[in-house]
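Heads up: the structure comes next, in structure tokens.
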Amino acid sequence: MQFLEKKNIVLYSAAGDAPDCFLPVPAVLVTALAGLLTLLCGWRLRRRDGGTERRVCVLVLGDVGRSPRMQYHALSLSRHLYHVTVVGFLDSKPHQDVLNQQRIRILPITEVRGVQGNWDIPNPPGLPGIAVAWLVCVLRGSRLIVDWHNYGYTIMALSHGPAHPVVRLARWYEHFFGPLASDNLCVTNAMKEDLQENWNIRATTLYDRPASIFRETPLRLQHELFRRLGHSFDGSDPDPDLDLDLERTAFSVRDPADDSVTLRSERPALLLSSTSWTEDEDFSILLKALEDYEGFIRAGASLPSLVCVITGKGPQKEHYRRIIDSLHLEHVQICTPWLEAEDYPVLLGSADLGVCLHKSSSGLDLPMKVVDMFGCCLPVCAVHFRCLQELVKHEENGLIFRDSDELAQQLKSLLSEFPGSDGRLAAFRRNLRSSRGQRWDDNWDQNVLPMISGGR
């Protein structure tokens, strides 16, 4: 493959962004072997174009389309004139910027199906991906950089417990092969300290930062999005007091006379959450809180109706959709659309409040969805776990809750003055606007570019 020139780099995603892409153990072993053969066959391709040292492989044993951090790596590398080959599964469409970039080539991995055996253990991306990537780098004289998003064995432990033999094997495996990388990145300072103290790995913290596409959405784009997605979350009846010549959605109105767009004063609040529908997110917490919110309104509380949009796909989605369908809510509407990559930041920038139910299996990673929400100046209610305070500042850019009762009370409090501009929700948004930090590009140039170009 073209990126296997000596002194080139393999950037590997450890415990990738899409954990629901895990395969049964024998299937992933066969897939990894096939991937290794593909990489070795690349020697001929490298020779064919005369070779170059500015080539990097971004390897994701997961769905590339749902691995935003690795897509951002690829875009940053291409921005600095590296030729990038992204290797991974293509279950979802990658972002259009990745598809349009001429210096980025996507090489899909074919998922092996039908491997028989008495196996029911889902396998994290680190097993055996790190070993395969390391072996290829040794054979081709390339450097291996591992980007630690989480620990794969802790994800396996969610289903099978930490004492399961395969979980213990995975832990040993990651501890053995992890230190063999040339360089390491990680997502939090807490993980950096843990890698140093318990794994003897020196890593550079590269916090997730929002890409430039995550920003507050102008009213006109909001209105266009609401029109496109109206079938998903516009369940309102026609307003008899509304001029029929106006173009309206449940949230916005466009006046054809002057082409102006305004938000409706009696609009519902738009609550947004995104998920991979895996075991590290307990959506029963949100559903119970929404039932309580419905109860507040029925008891006479002056609160807006609520449209709750939960985006994403994954193994537990149908389970929760059945639960959602069984709820009898009059003032709360829950919908679970799958959005194109280009629509997701527009929806984030149009929402009134975000909710995050991610609980890190290791307690050492941070939810990228919250990073993107903050990029859109969207306040967040997030469930508590270790090291969350590195991102969510309670009573400054959002609130932290521990159970459904606390979340329900937070929703009631934050939305009690909606859509006014004097309440806590509006104050959190103002705080986010005034404290915008680095974007991804500047953060990457500062922390990763010296590692890539200097070979440290």
Would you say [X] and [Y] make side-chain contact, with heavy atoms under 4.5 Å?
{"X": "Ser361", "Y": "Asn150", "result": "yes"}
{"X": "Gln96", "Y": "Ile213", "result": "no"}
{"X": "Val86", "Y": "Val58", "result": "yes"}
{"X": "Ile334", "Y": "Leu329", "result": "yes"}
{"X": "Asp445", "Y": "Arg79", "result": "yes"}
{"X": "Leu286", "Y": "Cys308", "result": "yes"}
{"X": "Val87", "Y": "Leu107", "result": "yes"}
{"X": "Leu391", "Y": "Phe374", "result": "yes"}

| request: Would you kindly say whether Thr154 and Ser362 are connected by a side-chain donor-acceptor distance under 3.5 Å? | output: no
Backbone of [Y] reached by a side-chain donor or acceptor of [X] within 3.5 Å:
{"X": "Ser273", "Y": "Val355", "result": "yes"}
{"X": "Asp63", "Y": "Ser92", "result": "yes"}
{"X": "Lys192", "Y": "Thr188", "result": "no"}
{"X": "Ser326", "Y": "Ile323", "result": "yes"}
{"X": "Ser78", "Y": "Leu75", "result": "yes"}
{"X": "Asp352", "Y": "Leu270", "result": "yes"}

| Quick check, are the ring centers of Phe283 and Trp277 under 6.0 angstrom apart? | yes
Kindly give the heavy-atom pair with the smallest separation between [X] and [Y], and that separation in Å.
{"X": "Leu81", "Y": "Arg54", "value": "O-NE, 3.6 Å"}
{"X": "Pro94", "Y": "Leu99", "value": "O-CD1, 3.8 Å"}
{"X": "Ser274", "Y": "Glu281", "value": "O-OE2, 3.9 Å"}
{"X": "Gly375", "Y": "Arg439", "value": "O-NH2, 3.2 Å"}
{"X": "Ile400", "Y": "His394", "value": "N-ND1, 3.0 Å"}
{"X": "Leu425", "Y": "Leu353", "value": "CD1-CD1, 3.8 Å"}

| Would the number of heavy atoms belonging to other residues, nucleotides or ligands and lying under 6.0 Å from NZ of Lys317 be above 12? | yes
| Enclosure of Asn200 CG (heavy-atom neighbours >12, cutoff 6.0 Å) | no
Rounded at 0.5 Å granularity, tell me how far [atom1] in [X] sits from [atom2] in [Y].
{"X": "His223", "Y": "Arg228", "atom1": "NE2", "atom2": "CZ", "value": "11.5 Å"}
{"X": "Glu291", "Y": "Leu327", "atom1": "CD", "atom2": "CG", "value": "5.0 Å"}
{"X": "Leu225", "Y": "Tyr344", "atom1": "CG", "atom2": "OH", "value": "13.0 Å"}
{"X": "Tyr82", "Y": "Arg55", "atom1": "OH", "atom2": "CZ", "value": "12.5 Å"}
{"X": "His95", "Y": "Ser67", "atom1": "NE2", "atom2": "OG", "value": "14.5 Å"}
{"X": "Cys376", "Y": "Arg429", "atom1": "SG", "atom2": "CZ", "value": "9.0 Å"}

| Ionic contact status for Asp208 with Arg69, cut-off 4.0 Å | yes
| task | For Asp292 and Lys288, run salt bridge (Lys or Arg N to Asp or Glu O under 4.0 Å): C-alpha distance rounded to whole Å, both residues' side-chain angles, the deciding distance at 0.1 Å, then the answer. | result | CA-CA 6 Å; Asp292 291 345; Lys288 178 62 169 62; 2.9 Å; yes
| field | Step-by-step side chain to side chain donor-acceptor pair (under 3.5 Å) determination, Thr204 to Asn447 | value | CA-CA 7 Å; Thr204 298; Asn447 290 286; over 6 Å; no
| request: Report the C-alpha distance between Tyr207 and Gln438 in whole Å, list the side-chain angles of each, state the deciding distance to 0.1 Å, and finish with yes or no for side chain to side chain contact (heavy atoms under 4.5 Å, CB included). | output: CA-CA 10 Å; Tyr207 280 117; Gln438 281 184 316; over 6 Å; no
| Parallel, tilted or perpendicular: which fits the ring planes of His175 and Tyr153, with parallel below 30° and perpendicular above 60°? | tilted
| field | Aromatic ring pairing Tyr151/Trp148, orientation class (parallel under 30°, perpendicular over 60°, tilted between) | value | perpendicular
| query | Does the side chain to side chain contact (heavy atoms under 4.5 Å, CB included) test come out yes or no for Met451 and Leu185, once each step is laid out? | reply | CA-CA 10 Å; Met451 180 186 297; Leu185 299 168; 3.6 Å; yes
| query | Could you go step by step and tell me if Asp183 and Arg143 meet the salt bridge (Lys or Arg N to Asp or Glu O under 4.0 Å) rule? | reply | CA-CA 8 Å; Asp183 293 285; Arg143 292 169 51 214; 2.9 Å; yes
| said: For a salt bridge (Lys or Arg N to Asp or Glu O under 4.0 Å) check, start with the C-alpha distance between Arg209 and Asp442, then their side-chain angles and the critical distance, and finish with the verdict. | reply: CA-CA 9 Å; Arg209 292 287 187 258; Asp442 293 336; over 6 Å; no
| request: Given side chain to side chain contact (heavy atoms under 4.5 Å, CB included), test Leu229 with Leu339 step by step and report yes or no. | output: CA-CA 9 Å; Leu229 301 181; Leu339 299 177; 3.7 Å; yes
| message | For Ile201 and Val146: C-alpha separation, side-chain torsions, deciding distance, then whether side chain to side chain contact (heavy atoms under 4.5 Å, CB included) applies. | response | CA-CA 11 Å; Ile201 292 175; Val146 175; over 6 Å; no
